[in-house]
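Each ligand, and each atom within it, is numbered from 1 in the order the structure gives. Values below: all heavy atoms of this structure, side chains included; hydrogens, waters and symmetry mates excluded. Along the sequence shown, residues are numbered consecutively beginning with 1. Computed from a prediction, not measured in an experiment: that's the story for all the values here.
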Amino acid sequence: MASYDVIIIGSGPGGYVCAIRCAQLGLKTAVVEGRETLGGTCLNVGCIPSKALLHATHMLHEAEHNFTEMGLKGKSPSVDWTQMMAYKDKTIGQNTQGIEYLFKKNKIDWLKGWGSIPEAGKVKVGNDTHEAKHIIIASGSDVASLPGVEIDEDTVVSSTGALSLKKPPKKLVVIGAGIIGLELGSVYQRLGAEVTVIEYLDAITPGMDGEVQKGFQKLLKKQGMTFVMGAAVQGVETLKTKAKVTYKLRKDDSEHVLDADTVLVATGRKPYTDGLGLESLGVEMTDRGQVKTDANFATNVPGVYAIGDAITGPMLAHKAEDDGMALAETLAGQAGHVDYNLVPGVIYTHPEVANVGQTEEQLKEAGRAYKVGKFSFMGNGRAKANFAGDGFVKILADKETDRILGCHIIGPAAGDLIHEVCVAMEFGAAAEDLARTSHAHPTYSEAVREAALACGDGPIHS
Ligand code: NAI
């Protein structure tokens with residue numbers, strides 16, 4: 001039996017970042033992980049592998065659509081699926097081994113196996129029981145099931161199976177127009193699949209700014225994706241190598257059937273806390289199955305904390321990291337803090353979509369007086385040169401004070417551009433502060449400055 005200051009259960013972005021921070025702050029730390037490799041869902045079967053496939057297939061798209069115009073002639077590349085999978089796996093390996101290196105460097109022990117908490121202050125891993133002053137649940141999330149749909153990770157897949165298909169499908173039906181459905185739908189659409197997305201609501205990407213939802217859907221349709229909106233999937237029947245997806249249109253209750261080689265279920269995720277022994281420990285849960293925590297990530301059981309997807313808030317890797325760092329700092333006697341109003345969201349399609357702060361709909365609902373500054377990437381020289389003129393930057397600012405309240409971007413590198421607005425908002429900046437900041441020419445970031453200018457006397461290039 002070993003004794004620690006902190007034992008963290010789960011080595012995803014929440015758990016491993018928390019562990020490194022704890023170790024940096026002088027706490028003796030261990031992480032329990034039952035997978036063969038560190039990094040959790042994000043590194044092994046989520047963010048990282050999906051970005052590898054998005055990158056590879058975007059390169060293919062560029063070669064097929066834009067090379068000739070740039071004077072790059074020759075045969076379009078063909079797809080070697082085995083090699084693409086190998087590239088994806090290599091990317092995963094580099095990242096998971098990187099975490100192993102960081103654990104060694106920071107003297108963090110990896111307790112291999114699945115952990116449970118038999119009592120406060122104790123963590124059981126296999127036959128060993130370890131002691132810890134603080135126990136942190138960072139066990140993440142799992143795919144939420146859909147009634148009538150059995151995921152076999154072969155024909156009917158979750159995001160995990162969709163990252164390791166035997167071959168790209170010819171016909172893919174995606175259930176759910178959220179981030180997972182649209183990112184992975186884009187991958188296979190670029191590889192030539194006929195992609196149909198079935199969505200229960202009337203708009204894609206729930207919770208996003210309405211204008212972005214509409215603009216983004218229009219772009220995806222232009223790329224060849226088909227959408228069935230306002231439709232509830234009733235069930236999926238798996239035949240030998242094919243599947244039949246039955247859905248009902250909400251407007252008239254009519255029933256329809258779609259054939260597919262592969263069906264991707266992307267209707268959300270749920271907290272994963274199975275096997276931790278939380279019930280017998282008496283840890284309070286929310287009615288949505290999340291571990292209930294206070295503002296300092298403490299559960300009702302003294303010495304037991306939780307972070308990331310297992311608790312409330314957006315299920316995002318970077319939110320889990322922020323939770324992890326704040327908790328480590330609090331446990332080390334510092335003042336850990338996360339500003340949940342300023343956690344950015346990014347969809348890594350092409351073009352990318354990114355947002356931070358309030359949507360126009362939220363401001364309207366709150367009765368807040370606001371102004372909108374918008375700028376199209378068509379007016380950005382760099383974007384035009386790079387075939388990336390689709391999309392816009394939209395900044396929402398307080399009508400009276402000019403303080404930035406939100407930013408919504410569809411466009412090239414949107415996921416990187418959003419961060420200058422995050423920093424500006426952290427400092428309580430006005431749109432004028434962004435507008436008066438020099439932005440190098442020619443960069444995509446000029447579109448952010450132009451949107452800020454549009455909140456005042458007007459942009460230059462439109
Ligand atoms: P989601 O919650 O983002 O979207 C699920 C969609 O499925 C919703 O639009 C919902 O209306 C629809 N839906 C639910 N039941 C349905 C039914 N029976 N028929 C038709 N449509 C139905 O969930 P998603 O995309 O699975 O992602 C899960 C989590 O992972 C999210 O919290 C997301 O933020 C996170 N994630 C984040 C990424 C990123 O930051 N780039 C990438 C991948 C996932």
Notebook entry, point to check: Hey, which atoms in ligand 1 end up nearer than 4.0 Å to a heavy atom of I198?
Noted result: 20 (C), 21 (N)
Item checked: Residue and atom name of the nearest protein heavy atom (relative to atom 21 (N) of ligand 1), distance in Å to one decimal -> Y200 N, 3.1 Å
Next item on the list: Under 4.0 Å, heavy atoms only, figure out whether ligand 1 is touched by the backbone of P314, its side chain, both or neither.
Entry: neither
Note to self: To check your reading of the model: name the closest protein heavy atom to atom 44 (C) of ligand 1, its residue, and the distance in Å.
What the structure shows: I180 CG1, 3.2 Å
Notebook entry, point to check: What part of Y247, side chain, backbone, both or neither, has a heavy atom within less than 4.0 angstrom of ligand 1?
Noted result: neither
Check: Is E446 salt-bridged to R382, cutoff N-O under 4.0 Å?
Finding: no
Margin query: Please list the nearest protein heavy atom to atom 17 (C) of ligand 1 with its residue and the distance rounded to 0.1 Å.
Written below: V233 N, 4.0 Å
Next item on the list: Report the nearest protein non-hydrogen atom to atom 6 (C) of ligand 1: residue, atom name, distance rounded to 0.1 Å.
Entry: E199 OE1, 3.6 Å
Checklist line | Minimum-distance protein heavy atom relative to atom 2 (O) of ligand 1 | finding: G268 CA, 4.0 Å
Margin query: Quick check on contacts: which atoms of ligand 1 are under 4.0 angstrom from a heavy atom of L316?
Written below: 34 (O), 37 (C), 40 (O)
Margin query: Residue-level breakdown please: for I204 versus ligand 1, do any non-hydrogen atoms fall below 4.0 Å on the side chain, on the backbone, on both, or on neither?
Written below: neither
Note to self: Checking a contact table here: which protein heavy atom is nearest atom 42 (C) of ligand 1, and how many Å away?
What the structure shows: I179 CG2, 3.5 Å
Next item on the list: Please examine the side chains of L163 and S50, heavy atoms only from C-beta on, and report whether any two atoms are closer than 4.5 Å.
Entry: yes
Margin query: Just to be sure I'm reading this right: ignoring hydrogens, which of G176, G313, A266 gets closest to atom 5 (C) of ligand 1? Compare them by their nearest heavy atoms.
Written below: A266
Item checked: Region of L146 that comes within reach of ligand 1 [heavy atoms, distance under 4.0 Å] -> side chain
Notebook entry, point to check: What protein heavy atom sits nearest atom 15 (N) of ligand 1, and how far away is it?
Noted result: T267 CG2, 3.5 Å
Notebook entry, point to check: Which atoms form the tightest heavy-atom contact between R190 and E64, and what is the distance?
Noted result: O-OE1, 4.4 Å
Item checked: Atom indices of ligand 1, in the order listed, that fall short of 4.0 Å to a heavy atom of G178 -> 3 (O), 4 (O), 6 (C), 25 (O)
Next item on the list: List every atom of ligand 1 that sits less than 4.0 Å from any heavy atom of L201, numbering the atoms from 1 in the order shown and giving each element.
Entry: 11 (O)
Next item on the list: Might you point out which heavy atoms bring L201 and R250 nearest each other, and give the distance in Å?
Entry: CA-NH2, 3.8 Å
Item checked: Partner set under ring pair (Phe, Tyr, Trp, His ring centres under 6.0 Å) for H318, not counting sequence neighbours -> none
Check: Do E183 and L54 come within less than 4.5 Å of each other through their side chains, counting heavy atoms only?
Finding: yes
Notebook entry, point to check: What protein heavy atom sits nearest atom 28 (C) of ligand 1, and how far away is it?
Noted result: R269 CG, 3.6 Å
Next item on the list: Heavy-atom contacts with M315 under 4.0 Å: which atoms of ligand 1 show up? List them by number with element.
Entry: 32 (O), 34 (O), 35 (C)
Notebook entry, point to check: What atoms of ligand 1 come within less than 4.0 Å of a heavy atom belonging to A231?
Noted result: 19 (N), 20 (C)
Margin query: Can you name the atoms of ligand 1, numbered from 1 with element, that are less than 4.0 Å from a heavy atom of P206?
Written below: 8 (C), 9 (O)
Next item on the list: Please test I204 against F227 for side-chain contact (heavy atoms from CB on, under 4.5 Å), starting from the C-alpha separation and ending with a verdict.
Entry: CA-CA 9 Å; I204 65 169; F227 289 90; 3.8 Å; yes
Check: Which ligand 1 atoms are under 4.0 Å away from a heavy-atom of Y348?
Finding: 41 (N)
